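What follows is a single structure, written as structure tokens, with notes after it.
Remember, predicted model here, so these are calculated numbers, not experimental data. We're numbering straight along the sequence, starting at 1. Every number for a ligand or one of its atoms is a count from 1 in the order of the listing. FYI, side chains are in, hydrogens and waters are out, and symmetry mates aren't considered; it's all heavy atoms of this structure.
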Amino acid sequence: MVGASLALALASTRLQVVVIEAVAAGSAAQPSFDERSTALGNGARQILQTLGVWGPLAGALAPIREIHISDAGRFGFARLDAAEHGLTALGYTVPNRQLGAALWQALASAPRIEVCSPARVLAMQPGAQRAQLTLLGDSGQTRVLQARLVVAADGAHSLIKQVAGIESSERDYQQVALVANLATDRVARGIAFERFTSSGPLALLPLADGSYTVVWTLTPEAAQRMAVADDEQFRRTLQASFGWRAGQIIRVGTRARYPLSLVSAQRLRAERVALIGNAAQSLHPVAAQGFNLGLRDAAMLAEFIATAEDPGAEDLLARFAQHRAADRRGMIGFTDRLVTLFSSRRGAAIAARDLGLLLFDLSPSAKQALSRLSWGFGGTLPRLSRGLSLSS
Ligand SMILES: Cc1cc2nc3c(=O)[nH]c(=O)nc-3n(C[C@H](O)[C@H](O)[C@H](O)COP(=O)(O)OP(=O)(O)OC[C@H]3O[C@@H](n4cnc5c(N)ncnc54)[C@H](O)[C@@H]3O)c2cc1C
């Protein structure tokens, strides 16, 4: 999703861009455009609007007008309301498949972008003037490409990152996100729920058809049990954990599991290489910020290279990394602290989060700050996030 977004941002520049994607966009096996749904903040909306993919997504977007945050079995509760902050919505949920289709369709009609898919990057050789990539196509044919800049948008376990010698720190949360769609006996009307249960955070996000998508963080063992449970058993356990705030769960869809860890690259650049999206940092989904952050990586990189004489020049990549540092650091720290606080079963942590939710609910400035989360955590805001094109 992040690599396709970067390519689109560069569509109107004079750069020659090749997108290399191992799994075709329409394939059921696509690991990015899969069964999940993504919550997009207003910052992401602005970028996607400027890239021209927001309009085609209209029918697939569900506005999130309120967020209800609660601690299961405790008194902690907070409510965030878009109207109180002068916003139409706090964010929007979109199925990844539809977001993928819109991005891919836009790429297909961009004359200066070549989409090379399905094709897998097998190897990369960095060089002072150009990097060389070796690709393997679906039918076994190889192709060699030379580029002044290789952008690694190939996910948390990026091959490019490894070959470029960029190390990552990795912390396994020992948690698995179980994702499924579900319907309740009340139509979802713009309310997202984040509930902290004894097994971990559980989020219900509204979808455009009036149903919900659930992201349920569980221990690996519990996730395994829920993945193989029959629909009725899963429905009952989920209802008991989440409660009745969204009504009675009447139908559940296919379940998918995502083991969760924080993977953070130690640098965002190497010779002729820049990292964006999950290749740069892969976050816990508790605050639904991974793609939002990755999109700002893409927007900022596009801004730096759009008119550059040499898009892979060392000083340019150094400035890109510097401009992304504050937002990255802030978002990684924020997400990681949330996971620690809201996954803990220690009495002191539970009391602290109840008090935190209470204070948060009473604090307009804290709510204002949270409602603006998707604009980033500091540093310069990319032009595309401000609704400006790269050239104007
Ligand atoms: C359960 C869950 C829920 C989430 N919900 C949200 C949310 O609500 N909001 C939000 O902002 N974020 C969310 N995220 C995070 C978000 O999904 C990621 O940040 C986002 O997918 C990152 O996209 P990406 O394009 O950087 O990487 P990926 O999605 O990992 O895509 C990498 C791509 O690179 C391709 N690739 C890999 N290796 C090669 C190779 N050698 N050659 C060619 N191609 C290759 C892969 O096929 C893939 O298409 C969630 C994550 C999870 C796990």
(message) Heavy-atom distances under 4.0 Å decide this one: backbone, side chain, both or neither, for A44 against ligand 1?
(response) neither
(request) Please write down residue, atom name and distance for the protein heavy atom closest to atom 42 (N) of ligand 1. (result) V121 N, 2.9 Å
(message) Between ligand 1 and N292, is the shortest N or O to N or O distance under 3.5 Å?
(response) yes
(request) Report yes or no: does G294 have a heavy atom closer than 4.0 Å to ligand 1? (result) no
(message) Counting only nitrogen or oxygen atoms and a 3.5 angstrom limit, does L205 reach ligand 1?
(response) no
(request) May I ask you to identify the nearest protein heavy atom to atom 37 (C) of ligand 1, giving residue, atom name and distance to one decimal place in Å? (result) D154 O, 3.4 Å
(message) Under a 4.0 angstrom heavy-atom cut-off, which atoms of ligand 1 come close to A119?
(response) 43 (C)
(request) Determine, considering heavy atoms only, which of A177, A153, S37, A4 sits nearest to atom 32 (C) of ligand 1. (result) A153
(request) Taking only heavy atoms of A22 into account, list the atoms of ligand 1 that are under 4.0 Å away from them. (result) 43 (C), 44 (N), 45 (C)
(request) Can you pull out the closest protein heavy atom to atom 51 (C) of ligand 1? Residue, atom name and distance to 0.1 Å, please. (result) R36 NH1, 3.3 Å
(message) My question is simple, although I want it checked carefully: is atom 25 (O) of ligand 1 less than 4.0 angstrom from any protein heavy atom?
(response) yes
(request) Identify, for atom 28 (P) of ligand 1, the protein heavy atom at the shortest distance, and state residue, atom and that distance. (result) S32 OG, 3.7 Å
(message) Below a 4.0 angstrom heavy-atom separation, can you tell me which part of L283, side chain or backbone, both or neither, approaches ligand 1?
(response) neither
(request) Can you sort out which atoms of ligand 1 are near G277, meaning under 4.0 Å from one of its heavy atoms? (result) 26 (O)
(message) For L275 versus A152, what's the shortest heavy-atom pair and its separation?
(response) CD2-CB, 3.5 Å
(request) Following the transitive rule for hydrophobic clusters with a side-chain heavy-atom cut-off under 4.5 Å over Ile, Leu, Val, Met, Phe, Trp and Tyr, establish whether L218 and V176 coincide in one cluster. (result) no
(message) Does this structure show an ion pair linking R236 with E232, if we count only N-O contacts that are shorter than 4.0 Å?
(response) yes
(request) Kindly write out the residues that satisfy salt bridge (charged side-chain N to carboxylate O under 4.0 Å, His left out) with R267, not counting sequence neighbours, or none if the list is empty. (result) none
(request) Write out the residue and atom name of the closest protein heavy atom to atom 19 (O) of ligand 1, then the distance separating them to 0.1 Å. (result) N278 OD1, 2.9 Å
(request) Check the surroundings of atom CD in Q248: do more than 12 heavy atoms from other residues, nucleotides or ligands lie under 6.0 Å from it? (result) yes
(request) For F291, counting its heavy atoms only, list the atoms of ligand 1 lying under 4.0 Å from any of them. (result) 10 (C), 11 (O), 12 (N), 15 (C), 16 (C), 19 (O)
Report, one line per pair, each donor and acceptor closer than 3.5 Å where one atom sits in a side chain of residues 307-314; sequence neighbours left out.
| residue | atom | partner | partner atom | Å |
| --- | --- | --- | --- | --- |
| D310 | OD1 | R272 | NH1 | 2.8 |
| D310 | OD1 | G312 | N | 2.9 |
| D310 | OD2 | R272 | NH1 | 3.3 |
| D310 | OD2 | R272 | NH2 | 2.9 |

(message) Give me the residue, atom name and distance of the protein heavy atom closest to atom 6 (C) of ligand 1.
(response) A288 CA, 4.2 Å
(request) Indicate, as side chain, backbone, both or neither, the part of Q30 found under 4.0 angstrom from ligand 1 when only non-hydrogen atoms are considered. (result) side chain
(request) Would you mind checking which non-hydrogen protein atom is closest to atom 46 (C) of ligand 1, with the distance to 0.1 Å? (result) E21 OE2, 3.5 Å
(request) Between P285 and ligand 1, find which residue part has any heavy-atom pair under 4.0 Å and reply side chain, backbone, both or neither. (result) side chain
(message) Is it the case that the side chains of Q30 and R97 hold a donor-acceptor pair, with the cut-off being a distance below 3.5 Å and no angle test?
(response) no
(request) Decide salt bridge (charged side-chain N to carboxylate O under 4.0 Å, His left out) for R195 and D71; before the verdict, give the C-alpha distance in whole Å, the side-chain angles of both, and the deciding distance to 0.1 Å. (result) CA-CA 6 Å; R195 190 145 172 83; D71 208 352; over 6 Å; no
(message) I'd like to know whether the aromatic ring centres of F242 and W216 sit less than 6.0 Å apart in this structure.
(response) no
(message) Among R269, R324, R328, exactly one meets salt bridge (Lys or Arg N to Asp or Glu O under 4.0 Å) together with D297. Which residue is that?
(response) R324
(request) Indicate whether the side chain of H284 and that of Q175 have a donor and an acceptor atom separated by less than 3.5 Å. (result) yes
(message) Taking only non-hydrogen atoms of S282, do any sit less than 4.0 angstrom from ligand 1?
(response) no
(message) Other residues, nucleotides and ligands only: do more than 12 of their heavy atoms fall within 6.0 Å of CD on Q266?
(response) yes
(message) Can a side-chain donor-acceptor contact be found between Q16 and E114 if the only test is distance below 3.5 angstrom?
(response) no
(request) Considering the heavy atoms of V179, write down every atom of ligand 1 situated less than 4.0 Å from one of them. (result) 1 (C)
(request) Would you sort out whether N181 and Y212 count as a side chain to side chain contact (heavy atoms under 4.5 Å, CB included), showing the intermediate values? (result) CA-CA 6 Å; N181 288 356; Y212 289 95; over 6 Å; no
(request) Using a 4.0 Å heavy-atom cut-off, say whether A156 meets ligand 1 through its side chain, its backbone, both or neither. (result) neither
(message) Counting non-hydrogen protein atoms only, what is the nearest one to atom 8 (O) of ligand 1? Give residue, atom name and distance.
(response) A39 N, 2.8 Å
